[in-house]
Every structure is written in C-alpha cells, then in structure tokens.
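Chain letters run A, B, ... following the sequence lines, proteins first and then strands; every chain starts at 1.
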Number of protein chains: 2
Amino acid sequence: MRIGELAKATGIDVETLRYYERVGLVQRPARQANGYRAYGQDAIERANFIRHCRTLDMGLGDIKRLLDFTSKPDADCFDVNHLLDEHLVRVRAKLKSLRTLEKQLARLRTQCDAGHRAADCGILQDLVAAAHGEACACHPSDGNSSLSKRKARE
Amino acid sequence: MRIGELAKATGIDVETLRYYERVGLVQRPARQANGYRAYGQDAIERANFIRHCRTLDMGLGDIKRLLDFTSKPDADCFDVNHLLDEHLVRVRAKLKSLRTLEKQLARLRTQCDAGHRAADCGILQDLVAAAHGEACACHPSDGNSSLSKRKARE
DNA sequence: GCTTGACCCTGAAGTCGCTAGAGGGTTTAT
DNA sequence: ATAAACCCTCTAGCGACTTCAGGGTCAAGC
C-alpha cells in the first residue's frame with residue numbers, strides 16, 4: 001500500500017502521515033525500489049488508532065504513550081486511566097472558560113444596534129471603555145487578568 | 001514611561017509588548033537617548049484595548065482591524081459587527097465540539113474498572129476497537145472525520 | 001516517443017501567540 | 001565599586017501541522 005492509499009483508507013492527510021513518521025508516531029515503513037513508502041495492513045490500524053485519539057483531542061505525546069501500552073499487554077494500565085483523567089481535567093477547564101467567553105461575546109454583540117458610524121458603535125465604545133478600566137458589557141466587574149504568564153497548555 | 005512600567009500598568013508581559021510592536025499591533029514608541037522605549041499615556045489605553053480583546057480570545061489580526069476602527073470615527077461599523085459575529089460562530093463551534101468531546105472522554109473513562117493489566121484495560125480495548133471501525137464507547141456510531149483538511153482556525 | 005497529469009520524494013519554512021535564551025548595555029541602590 | 005534590576009536585539013522553541021520549492025516516477029493517451 002502506498003501512502004496515498006493509506007491516507008484515503010484512514011482519512012489522514014498524506015503530509016500529516018509523513019509528519020507522524022518524522023516525529024516517531026508511525027513506524028518507518030519498508031520502501032519500494034523507487035523509494036516510495038510501502039505499508040502493510042497493520043499500518044491502517046495504527047493510523048486509525050491515532051486518528052481516533054486525535055478526534056478526542058489528545059496530544060501526540062499522549063497518543064504515543066497509549067500506543068506503547070497496546071504493545072505491552074502485561075503492563076499496569078493505571079497510567080492509561082491517569083492520562084485520560086488529566087486530559088478530562090484539561091478539557092473541562094477549557095470548556096468552562098469557553099462558556100464564560102461565549103456569554104461575554106454574546107452580551108457584547110448586543111451593544112451595537114443603533115448607528116452605523118464607528119464613532120457610535122456600542123461594541124467599540126465598550127471595548128474602549130474597558131481600556132479605561134470602566135465596567136463593560138462583556139466584563140461587568142472583573143479583576144483577574146489571565147493574560148500572559150500562563151503555564152499550562154490550554 | 002518605560003516598557004516595564006507599561007507592562008505593570010496593563011498586565012501585559014514585557015516580552016509580549018515587544019512582540020506586539022514587532023507585529024505592528026502597537027506603534028513604535030519614541031526612544032530615549034539610551035535606546036530605551038519611551039511611551040506616552042495613550043500607549044496604556046491602546047495596550048489595554050488589546051489586552052481586553054485577547055481575554056475575549058480574538059486573534060491579533062482581528063484586534064488590529066478593531067484598532068483601526070477606533071481611529072476612524074466615520075467608518076461604517078458594519079464590519080465590527082461582522083467580525084464579532086464570525087468570532088462568536090467560531091467560539092460556539094468550538095464549544096459544541098468540546099461538549100461532545102467531554103461526553104466521549106467521560107464515557108471512555110468508565111470503561112476501565114476491572115483488571116489492571118493493559119491487556120484487560122477497557123479504555124485501550126475501546127480505542128483499538130475504533131481502529132477496527134467498530135462502535136466504541138466514545139464514538140457509538142459516527143462517520144464524520146474532522147481530521148486534517150481543516151480550514152478555519154479553531 | 002513524448003507529453004500530460006497524478007502521484008511520490010526530501011528538506012525547509014511558515015502558521016499562531018507568545019516564551020525563553022544568549023549575550024550584551026544601562027541605571028539605581030547600597 | 002559592585003550587585004541587582006532593568007533595558008536592548010536577535011534567535012529559536014512550542015504543537016500539530018501546512019505549504020513551498022524543487023525535484024523523481026509512472027501509467028495513459030496522442
């Protein structure tokens with residue numbers, strides 16, 4: 001199987017497959033005489049595993065660890081649970097901040113209904129008001145920044 | 001005002017301010033004889049505007065366009081609304097996919113309660129089943145991919 | 001036999017929004 | 001006089017790709 005066929009079979013882009021190989025997520029396949037990659041059936045399975053984990057938004061490092069587990073049947077799967085728990089925590093934190101964000105944006109969006117001159121635009125006024133530190137539609141009264149100096153991946 | 005003071009006044013990191021200048025979001029300030037950046041009061045306002053928009057998770061390109069609007073009072077603010085609407089659409093799409101993701105992960109997490117050998121791990125089994133195209137706890141029956149070939153920023 | 005087009009290859013650079021590091025100079029306080 | 005705190009530029013790194021430049025290979029149609 002050539003890389004284009006693997007791409008079609010798994011729904012992963014050709015370039016992305018080559019990228020996965022480069023970073024060690026996918027094993028280097030055999031080569032044909034002309035230098036083309038020659039994949040076996042097992043490559044589809046491994047690639048689908050990766051694709052599935054990616055739709056679950058896992059990082060490539062986590063996926064690599066999970067792949068290692070699938071080839072070590074006697075290992076303790078505690079780490080699998082732990083990895084998933086940590087991922088869930090990240091996802092829930094992101095979800096929470098997105099929910100807040102959505103509310104703020106929706107509120108802000110209601111500000112411009114009147115004029116069509118930028119000078120009269122309630123949205124811009126609101127955003128500028130924030131620059132003065134006044135209360136605004138999107139941040140009625142907040143003090144926390146959360147800008148820069150962030151440590152964790154979102 | 002030197003860059004450190006501006007950073008303190010706005011809560012934006014010094015490096016980030018220099019970065020904003022490099023990409024043209026913040027105007028290049030005057031310089032003191034020793035080469036230090038010398039900011040006026042207006043810099044605080046502009047920087048706060050940026051900071052506020054960033055907490056609303058807007059991209060730097062969008063913020064630049066909004067900044068341009070604030071200096072063109074006679075422009076039609078239709079584009080401001082439009083920009084915000086598009087941003088809201090992006091945020092809501094991301095929110096939707098995150099909600100689905102959270103459900104899938106939570107369901108997947110319940111799969112491993114029994115053994116502690118990787119071979120018996122329900123989570124890994126589930127993930128591998130997905131590689132075979134079987135129904136799994138996290139994707140009971142789906143067909144859409146959403147992997148690669150994505151166009152828009154998430 | 002020759003061109004066209006679809007496919008394949010490598011390696012490097014670009015994306016986004018920072019962050020960090022190297023390797024310096026300047027100012028301020030003790 | 002010296003140390004700490006600040007400032008400068010330039011460069012590279014992060015994650016997960018994507019895109020580009022500049023090629024090689026192969027089957028089909030003229």
Quiz item: Separation of B:D13 atom CG from C:dG17 atom C1', in whole Å?
Solution: 12 Å

Practice problem: Identify which nucleotide among D:dC17, C:dG17, C:dC8 has an atom closest to any side-chain atom of A:R54, counting heavy atoms from C-beta outward. | Solution: D:dC17

Quiz item: Quick one: is D:dC7 close enough that its OP1 or OP2 comes under 4.0 Å of any side-chain N or O from B:R37?
Solution: no

Quiz item: More 5' along DNA chain C: B:R22 or A:E15, using each one's nearest nucleotide?
Solution: A:E15

Quiz item: What's the CG-P distance between B:D57 and C:dG17, to the nearest Å?
Solution: 9 Å

Quiz item: CG/A:L101 to CE/B:M58 distance, rounded to the nearest 0.5 angstrom?
Solution: 8.5 Å

Quiz item: With nearest nucleotides of DNA chain D determined for B:R31 and B:K8 from heavy-atom distances, which residue corresponds to the more 5′ nucleotide?
Solution: B:K8

Quiz item: Tell me: CD of A:E21 to P of C:dT10, nearest whole Å?
Solution: 7 Å

Quiz item: Counting side-chain heavy atoms from C-beta on, which of D:dA16, C:dT19, C:dC8 comes nearest to A:Y19?
Solution: D:dA16

Quiz item: D:dA16 phosphate, OP1 or OP2: any side-chain N/O from A:T16 under 4.0 angstrom?
Solution: no

Exercise. Output yes when a side-chain donor or acceptor of B:R31 lies under 3.5 Å from a complementary backbone atom of B:A38, and no otherwise.
Key: no

Quiz item: Roughly, in whole Å, what's the span from CD1 in A:I50 to P in D:dG15?
Solution: 17 Å

Quiz item: Side-chain heavy atoms under 4.5 angstrom apart, residues restricted to Ile, Leu, Val, Met, Phe, Trp, Tyr: same cluster for A:Y19 and A:I44?
Solution: yes

Exercise. Would you mind telling me which of A:R28, A:R46, A:R37 makes a salt bridge (Lys or Arg N to Asp or Glu O under 4.0 Å) with A:E21?
Key: A:R37

Please write out the pairs of protein N or O atoms and N or O atoms of nucleotides 25-30 of chain C separated by less than 3.5 Å, giving the distance to one decimal.
from   : atom 1 : to    : atom 2 : distance (Å)
C:dG25 : N2     : B:Y36 : OH     : 3.0
C:dT26 : O4'    : B:Y36 : OH     : 3.3
C:dT27 : OP1    : B:N34 : ND2    : 2.8

Quiz item: Does B:R18 have a side-chain nitrogen or oxygen under 4.0 Å from the phosphate oxygens OP1 or OP2 of D:dT9?
Solution: no

Self-check item: d(CD1, A:I3; C1', C:dA6) in whole Å
Solution: 15 Å

Self-check item: All side-chain hydrogen bond (donor to acceptor under 3.5 Å, both in side chains) counterparts of B:E5, not counting sequence neighbours
Solution: none

Quiz prompt | Spacing between B:L6 atom CG and D:dC8 atom P, to the nearest angstrom | solution = 11 Å

Quiz item: Would you call B:D79 and B:R65 a salt bridge, taking side-chain N to carboxylate O under 4.0 Å as the test?
Solution: no

Exercise. Look at B:R90 together with B:D62 and state whether they make a salt bridge at an N to O cut-off of under 4.0 Å.
Key: yes

Exercise. Starting at atom CD1 of B:I63, determine the distance to atom C1' of C:dC18, rounded to an integer number of angstrom.
Key: 13 Å

Practice problem: Find the distance B:L17:CG to C:dT19:C1' and express it as a whole number of Å. | Solution: 14 Å

